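These notes concern the structure reproduced below.
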Amino acid sequence: MPVSHTSLPADARLVILTGAGISAESGLKTFRDSNGLWENHRVEDVATPEAFARDPRLVWRFYNARREQLWRDAEHSVEPNAGHRALVRLAETLGPDRCFLVTQNVDDLHERAGHSDVCHMHGELIKVRCTECQQVTDTTETLMADDSAPLPTCQRCPGILRPHIVWFGEIPFEMELIARRLSHCTHFIAIGTSGVVYPAAGFLAQANRMGATTLGFSLDPPENVGLFDHFIQGPASQTLPEWVDAVLSRSH
Ligand code: OAD
């Protein structure tokens, strides 16, 4: 692996953006690869506020299937992979001021690998939000177990619960925090994302404008591959540990 992008200066400040690709080898489907989530479901049916207003049961079935897979799939349990764990090693070495992880993913694999302070800009499968009082709670319970079960309701008011997930047409979470960290990063690293969904897809151009060094890790070249200073192709469970080990062996 060329030294050019494996040595970090002592004052390096990293912003790392992950997408569905980092969880693919843990057994979770990505969105746009073959047989991906958007091949078997229409975004308009399961990932917009209008879809939830029109058919909340269909939307809950889509998210419950992903919730159950994360926590209760007995056959092939879903665990973090070596890519998630490599990022934990990097974050623990650099510390929170020098390593900021923002993920588009709604799974909890970064946390289960041991990563703290994960910024979930698209929300989290473990969280539900009341559509009336807006209370957000964590639950891994099976919600609406079958079609005859009632829609899940809030414990504090009669409101219907929705997934605490950002749908198309909604504003992602923590955008000010993300902008602040991007505005003074020295390195921007995008991992396992196709670079087609904004505003996340715009972080790379922002980092380039800042003069940051930009690295992309993906199985297939993303749409914006030409904008990276360095692109490392391959499965994240292999490319990330290799890169992190090289960086840490040279870190000050
Ligand atoms: P995509 O499915 O669009 O892209 C997955 C990316 O991961 C592709 O670039 C693949 O080449 C790469 N990939 C697949 N397997 C990999 C592996 N083993 N190692 C490394 N890379 C791998 O997923 P995202 O870019 O995350 O948002 O999608 C972005 C957003 O679109 C999601 O957060 C979701 C979706 O609609 C909302 O729903 C709001």
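Quick caveat: nothing in here was measured; it's all calculated off a predicted structure. Counting convention: from 1, in listed order, for ligands and their atoms alike.
Contact between L182 and M210 at its shortest, heavy atoms only, is O-CG, 3.7 Å. Of all heavy-atom pairs between V166 and G123, the closest is CG2-N, 4.2 Å. In plain terms, the two heavy atoms of T214 and D229 that are nearest each other are N-OD2, 2.7 Å.
The protein residues lying under 4.0 angstrom from ligand 1, judged by non-hydrogen atoms, are G19, A20, G21, A24, E25, T30, F31, R32, D33, W38, Q104, H122, V166, F168, G192, T193, S194, V197, S218, L219, D220, G234, P235, A236.
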Given D147 and R61, is the salt bridge (Lys or Arg N to Asp or Glu O under 4.0 Å) satisfied, shown in steps?
CA-CA 9 Å; D147 276 359; R61 277 201 295 277; 2.9 Å; yes
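Residues I22 and I16 share a single hydrophobic cluster, defined by chaining ILVMFWY side chains whose heavy atoms lie under 4.5 Å apart.
Between F173 and H164, the distance separating the two ring centers is shorter than 6.0 angstrom.
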